[in-house]
Amino acid sequence: MIENLAKTYDPKEFEDRIYKYWMENGFFKAEVNKEKKPFTIMMPPPNVTGNLHMGHALNNTIQDILIRWKRMEGYEALWQPGTDHASISTEAKVVEKLKKEGKSKEQLGREGFLEEAWAWTNKYGGNINNQLKKLGVSCDWDRERFTLDEGLSYAVEEVFIRLYNKGLIYRGNRIINWCPNCKTAISDAEVDHEETEGHIWHIKYPIKGEDKFITIATTRPETMLGDLAVAVNPQDDRYKDLVGKTAILPLVNREIPIIADDYVDMEFGTGAVKITPSHDPNDFEVGARHNIGQLKIMNDDATINENGGIYEGLDRYEARKRIVEDLKAQGYLVDEKKHLHSVGHCERCKTTVEPIISKQWFVKMEPLAKPALEAYREGKLNFIPERFGKIYVHWLENIKDWCISRQLWWGHRLPVYYCNDCDEIMVSREKPETCTKCGSNNLYQDPDTLDTWFSSALWPFSTLGWPEKNEDLNYFFPTDVLVTGYDIIFFWVIRMVFSSIEQMGEVPFKDVFLTGLVRDSLGRKMSKSLGNGIDPLDVINEYGADALRFTLVTGNSPGNDMRFYMERVEANRNFANKLWNAARFVLMNLDEKVAVEPIDKSSLEEEDRWIISRINTVIKEATTNLEKYEIGIAAQNIYDFIWDEYCDWYIEMVKPRLYGDNLSSKETAEKVLLYVLENILKLLHPFMPYITEEIWNHLPSREKALIISDWPTYNREDENKESERKMSFVMSAIKGIRNARQEMNIAPSRKATLIFVTQDEAVKDLIDYGRRYFVNLASADTIIIEDDKSNLGDNNLSVVLDRCEVFIPLKDLVDLDKEIERLEKEREKLEAELKRVRGKLSNEGFLKKAPEEVVAKEREKLEKYENMMDKVLQRIDSLKSSK
RNA sequence: GGGCGAUUAGCUCAGUUGGUUAGAGUGCCACGUUGACAUCGUGGAGGUCAUUGGUUCGACUCCAAUAUCGCCCACCA
């Protein structure tokens, strides 16, 4: 008897202790080891000041499963952790904090603000890592990186400079998305489009020198203050004679040309479009083609600027209202209709984005997108599930240049300097002494910082020390798999791919595993504003990290959203408890000396061979499924085996041996129980690392920690189909007997004689051999085997099996009518089956074209069912006639 | 306007290349405290796999339409 486990599973008692044990022993560490193959995963860096939510819990659980499994398989497994500075989001939080203190960014100045931001980062920066630790993640914490680290910042500058020198980064005056609340430019990817109910107004512009008008349509009338032309389609007969003439902008009285451009859709609106080149991307293009100049009419906070005349100072929506009123009053408003259209919002603060002309820095995307597309087409990059490949391709094929400058302070400042005297641009890591063009020493650095995603795009190699050439980079890069949410493909996945190809010459990872969203029980997105978020830490606290992890990876296939139910967590906690108690049972019955002895195969009994064969198959199935990233199915394989086969059948079958007098048989049972338990713990470890390690630590046979033990492998010689067939007969007999007894309401405590009637010698042997199964599991006291049933009376329950009938004499308890009714139900079931099988076998096409083995299987079924049907009918007749 | 996903037991979901008596968890009903576990055991009820066609000897699985729901992308003022 061995030191016992606690009576009930209590994850709180050991989870933290086990995590500490792993950390103290350095099991998560990875280092260059030429003896081993590397396996690398880069953890998507969470926002440094963020908190763990279910999305993190999901993708980190998946990563941890993969890394633990590969570590056990003998790979040098590196899981690289770290955090992201999240420029716009962190800056907003700090600004808000300052606001509460009555301070502002501008008051503090850049230096002062950055001090505040670092203080904030240091205060909240550790939170998410501690939360991840609760989940059990086995990443190499010694390698933790932060996107604003010195090394990573160096990499960012390096890439910027390289791309600039290659002409892939440029500064340009173009239409960008401006967030008037965050007061910065944002990239296209950071704009969420939302269908919004607005209005469309038709406004007539007088034609100069004529008593005519041209009517345009717009959804943003305030932008007319910046109109520099009216455009029509050159094919449009309605307006042919107006092209080349001049329109007079109402309210403003500016003279603007009427131009012809293919961009205009004759079918839409009035077929005439106002052109506002500084406030609309299409108008910008049209304007450029016709060389009509620029006129910006808005400030950074979306109020009208000095170019807006009497509307100066008004907010954009106030200006819209006033302009519509004025147009109406002056008779220019022709029509006003409700109109559904898509409006861009700032992904972070939800403010309506204003397209606006601005001087910003851009990455030229086409030359970078091309090799990224090729890599995918050449199969160097796989998506799981595959369908996301299409999204990747579509985005890259339609990509536009990436606006990377942000009017923020928290982030990587552009390594760009300007000459105050001659406006020369100098890109360099350090501030140049003098202007490279005019020699002036009157230089200043660009105040802008880079898009956060510019630095995270480099994550797979910057974290390994790039641009320095080192062993780590050589060994661990490229990485093996990236696990992240599908909502981040554009922001991050694609940018890592083209950045890696550009800087490293190869893709950063082979596989991209995309997770779905974790939703609440009603299918809604978990969000702060709805207050429907479930805190993973609360769940861990109540049910343990293992139960949470199991819940997140089961009952769901890759890329699909899932609903989160506490009932499911509870069920998985119950599973952990089941395993806990099974282990407790094994240990209670295990002799310490026996535990370390090898199994003598010749002493194995039928159920031993069966369970060994079964675990062997499960090892194969689970491993294959993991290889296919079918994590949920792998988990299900293991779960079913543990609960149904190991606990419900094997442990129950083996009990008489453990309590019996045959010492050798008892010891064999102990060894097999332990052997299977060891393999169960290994298989389940990646999914439920805590409970498995805790139980493992109680096994007398353990040599080293479970986390670094060897992943089990399939052995051909352990597979035993013969034992599986035999056991499946025994189990179906037991089930049949239990079923009949319960249907007839005979309590399990009422022991009975079982009379097996069969002429099949093999079946006889098996029943004889397996007496104890029936005694223990089918409430039998005596077991009799007969050739012939002719002298058995009718006062029996009868169970029809394959090649065998069981009679249970329970004279006083058996109600004949009820028994007939029960057998009639059996008959109906068999009838349906027979009909199906006969149908198949009488179909000539089936016989001709189906594979032989499939036909043979159906023939076997037919024989079996016919045989069983005969017996059931005989029995029914016999009972009826004896009434 | 394009693209994608979902539709399977009351509920939430699996079902891996077409051949299973279509599964699980949960819920429901009945019975059960034999020393691993009531966070349990045993048995049961419950599904014409959204609809309609097609391919095939054979379709939950492949193809095409339809319907409903959801998501993503897109410059139509």
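Just so it is clear, the structure is predicted and the values come from calculations on it, not from any experiment. Numbered from 1 within each chain, the chains take letters A, B, ... in sequence-line order. All values below were derived from every heavy atom in this structure, side-chain atoms included, with hydrogens, water molecules and symmetry-related copies excluded.
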Closest non-hydrogen atom pair between A:Tyr646 and A:Ala582, with its separation
CE2-CB, 4.5 Å
Between B:rC76 atom P and A:Leu340 atom CG, what is the distance in whole Å?
12 Å
Quick one, give me the B/S/- string for nucleotides 37-42 of chain B, reading 5' to 3', where B means a protein heavy atom under 4.0 Å from the base and S means that only happens at the primed atoms, P, OP1 or OP2.
B-BSSB
Provide the Watson-Crick or G-U wobble partner of B:rU26, both distances under 3.5 Å; none if there is no partner.
B:rG10
Go ahead and name the base partner of B:rU55; Watson-Crick or wobble counts if both distances stay under 3.5 Å, otherwise write none.
none
Protein-proximity profile, nucleotides 9-16 of chain B, B/S/- by nucleotide at the 4.0 Å heavy-atom cutoff, equals --SSSSSB
My understanding is that a pair needs two contacts under 3.5 Å, Watson-Crick or G-U wobble. By that rule, which nucleotide pairs with B:rC69?
B:rG5
Is the shortest distance from a Lys or Arg side-chain nitrogen in A:Arg289 or A:Asp261 to a carboxylate oxygen in the other one below 4.0 Å?
yes
Carboxylate-amine/guanidinium contact A:Arg316 A:Glu354, below 4.0 Å
yes
Before accepting this row, confirm whether a basic side-chain N of the pair A:Arg822/A:Glu743 lies closer than 4.0 Å to the acidic partner's carboxylate O.
no
Counting only side-chain N and O atoms of A:Arg836, is one of them less than 4.0 Å from OP1 or OP2 of B:rU21?
yes
Kindly say if A:His394 contacts the phosphate of B:rC4, meaning a side-chain N or O under 4.0 Å from OP1 or OP2.
no
Should the pair A:Lys12-A:Asp10 be classified as a salt bridge under the 4.0 Å nitrogen-to-oxygen rule?
no
Distance in angstrom units between A:Leu517 CG and B:rC72 P, rounded:
9 Å
Any A:Lys840 side-chain nitrogen or oxygen under 4.0 Å from OP1 or OP2 of B:rU20:
yes
B:rG19, B:rC4, B:rC72: which one has an atom nearest the side-chain heavy atoms of A:Ala850?
B:rG19
Assigned partner base of B:rC40, Watson-Crick or wobble definition, under 3.5 Å:
B:rG32
For A:Lys390 and B:rG3, is the shortest distance between a side-chain N/O and OP1 or OP2 below 4.0 Å?
no
Pair assignment for B:rU16, Watson-Crick or G-U wobble, requiring both distances under 3.5 Å:
none
Assigned partner base of B:rU61, Watson-Crick or wobble definition, under 3.5 Å
none
For B:rU21, which nucleotide is its Watson-Crick or G-U wobble mate, given both distances must be under 3.5 Å?
none
Closest to the A:Phe846 side chain: B:rG19, B:rA74, B:rC4?
B:rG19
Tell me the interatomic distance from A:Asp261, atom CG, to B:rA77, atom P, rounded to whole angstroms.
17 Å
